[in-house]
Protein chains: 2
Amino acid sequence: MKRTVLYYGIALALLLGFLKYIEYRYMVRDLSIEFYLGIVALFFSGLGVWAGLRWANKHASAAPKDTAKSIVFLSPTPDLEATLAKLGISKREHEVLCLIAEGHSNQEIADQLFLSLNTVKSHSSNLFSKLDVKRRTQAIQRAKDLGLLSSSAGTFG
Amino acid sequence: MKRTVLYYGIALALLLGFLKYIEYRYMVRDLSIEFYLGIVALFFSGLGVWAGLRWANKHASAAPKDTAKSIVFLSPTPDLEATLAKLGISKREHEVLCLIAEGHSNQEIADQLFLSLNTVKSHSSNLFSKLDVKRRTQAIQRAKDLGLLSSSAGTFG
DNA sequence: GAAAACCTCACCCGAAAGTATGAATCACTC
DNA sequence: GAGTGATTCATACTTTCGGGTGAGGTTTTC
């Protein structure tokens with residue numbers, strides 16, 4: 001959390017430095033303060049959106065499907081958590097598992113969860129060993145059999 | 001969308017006015033530009049976070065509809081061959097598709113069907129373009145939705 | 001406040017998957 | 001016999017996956 005604040009500080013400092021550089025470089029003395037404020041507003045709006053999305057993802061945890069909550073009647077998911085616990089699969093790993101089952105690439109998962117590609121690879125790798133499979137396609141099959149995919153558990157092929 | 005931009009503009013204008021008012025009210029002449037920038041950064045960070053969260057919510061509520069669609073009915077697979085014909089998927093390609101859905105690697109499929117690895121790759125590649133997907137995991141999803149895995153693939157792992 | 005999970009990310013390396021192009025064989029049709 | 005489409009296979013290349021290792025950072029728990 002404090003790291004986020006730090007990043008914001010650094011970003012602001014960098015932006016300030018950049019603006020000063022522009023001023024020096026092109027000898028522009030009369031850049032209006034409104035211009036500065038506009039730039040900063042734009043920049044920090046983007047930063048804010050990014051932080052907001054990231055925060056939303058962290059707290060809403062999109063993957064494990066709150067969607068399941070909206071279709072509860074079909075899959076009561078009685079012992080999903082029990083199964084997960086039995087296999088030692090963490091929350092984050094389950095999220096990754098769901099996204100894998102939806103056919104996303106590791107890079108896409110990384111983008112969606114605001115993670116590094118390496119992190120996703122770590123999660124999936126741990127996941128595979130816990131599911132005792134070798135490939136992600138097998139992981140999908142296994143997950144379906146175990147009923148670990150709340151949302152697609154309904155895809156009762 | 002443009003309304004959002006408008007709001008941002010208004011917000012910036014209001015903030016500017018507020019700052020000018022402060023300046024006038026308390027006769028503070030030497031408020032550094034960094035101070036202004038800090039205020040603006042803070043303000044628009046918050047605004048950005050808000051917009052980001054709002055955006056996230058909008059898209060989170062949109063997503064479930066897709067998943068719901070896959071649950072809707074247990075499609076009786078009226079005519080598998082008709083679907084295959086419509087998509088231009090040949091018999092051999094369908095075989096490969098089923099094996100892919102079972103989580104086999106290309107090499108395993110090649111061994112099982114007494115084919116070369118290259119051949120399996122050709123089939124799967126053609127398959128992906130016909131299914132309009134990029135990866136085999138997506139192909140599995142698509143195939144399930146289209147009911148192409150009714151017979152053999154099943155859910156046995 | 002220390003320990004134990006969990007989460008995050010990096011680097012390297014090899015294997016698997018996927019793309020693109022071309023070509024040979026076979027069956028079936030006009 | 002030519003044409004068409006399916007099947008088979010090759011080579012070469014790029015991208016993605018997955019394993020292994022290590023190293024902070026955070027959260028939870030005792």
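Residue numbers begin at 1 in each chain, while the letters A, B, ... track the order of the sequences. Note that this is a predicted model, so its numbers are computed, not measured.
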- Query: Is there a side-chain contact between A:Leu87 and A:Leu148, using heavy atoms and a 4.5 Å cut-off?
  - Reply: yes
- Among D:dT8, C:dA17, C:dC6, the nucleotide that comes nearest once only the side chain of B:Ser105 is considered: C:dA17
- With distance as the sole test, does A:Thr119 use its side chain to make a donor-acceptor pair with the main-chain N or O of A:Leu115 at under 3.5 Å? no
- Message: Without decimals, in angstroms, what is the distance between B:Lys91 NZ and C:dC28 C1'?
- Response: 13 Å
- Whole-Å distance between D:dG19 P and A:Lys134 NZ? 6 Å
- Message: Assess whether a salt bridge exists between B:Glu108 and A:Arg135, defined as any Lys/Arg side-chain N lying under 4.0 Å from an Asp/Glu carboxylate O.
- Response: yes
- Only residue of A:Glu95, A:His104, A:Gln107 satisfying side-chain contact (heavy atoms from CB on, under 4.5 Å) with A:Gln112 is A:His104
- Item | B:Ser116 side chain near D:dA10 phosphate (N/O to OP1/OP2, under 4.0 Å) | yes
- Rounded distance in Å - CD (A:Glu93) to C1' (C:dT8): 13 Å
- Would you kindly give the CG-to-P distance between B:Asp132 and C:dT19, to the nearest whole Å? 12 Å
- State whether B:Arg92 places a side-chain N or O below 4.0 Å from either non-bridging phosphate oxygen (OP1 or OP2) of D:dT8. yes
- Message: Let's see if you get this right: which residues in residues 119-128 of chain B place a heavy atom under 4.0 Å from DNA chain C?
- Response: B:Lys121, B:Ser125, B:Phe128
- So, is B:Asn106 close to the C:dA16 phosphate, meaning a side-chain N or O under 4.0 Å from OP1 or OP2? no
- Query: Within the side chain of A:Lys130, is there an N or O that forms a donor-acceptor pair under 3.5 Å with the backbone of A:Gly88?
  - Reply: yes
- Below 4.0 angstrom from OP1 or OP2 of C:dA17, is there any side-chain N or O of B:Arg135? no
- Note on the structure: A:Leu117 atom CG is separated from C:dC11 atom P, nearest whole Å, by 12 Å
- Message: Looking at every non-hydrogen atom in both residues, tell me the closest pair between A:Thr83 and A:Leu146 and how far apart they are.
- Response: CG2-O, 4.3 Å
- Task: Report the distance from atom CG of B:Asn118 to atom P of D:dA10, rounded to the nearest whole Å.
- Result: 6 Å
- Query: Distance-only, no hydrogens or angles: does the B:Glu93 side chain make a donor-acceptor pair with backbone N or O of B:Ser90 under 3.5 Å?
  - Reply: yes
- Message: Distance check needed: D:dC17 P versus A:Gln138 CD, whole Å only.
- Response: 16 Å
- Query: Between A:Leu97 (CG) and D:dG18 (P), how many Å, whole number?
  - Reply: 12 Å
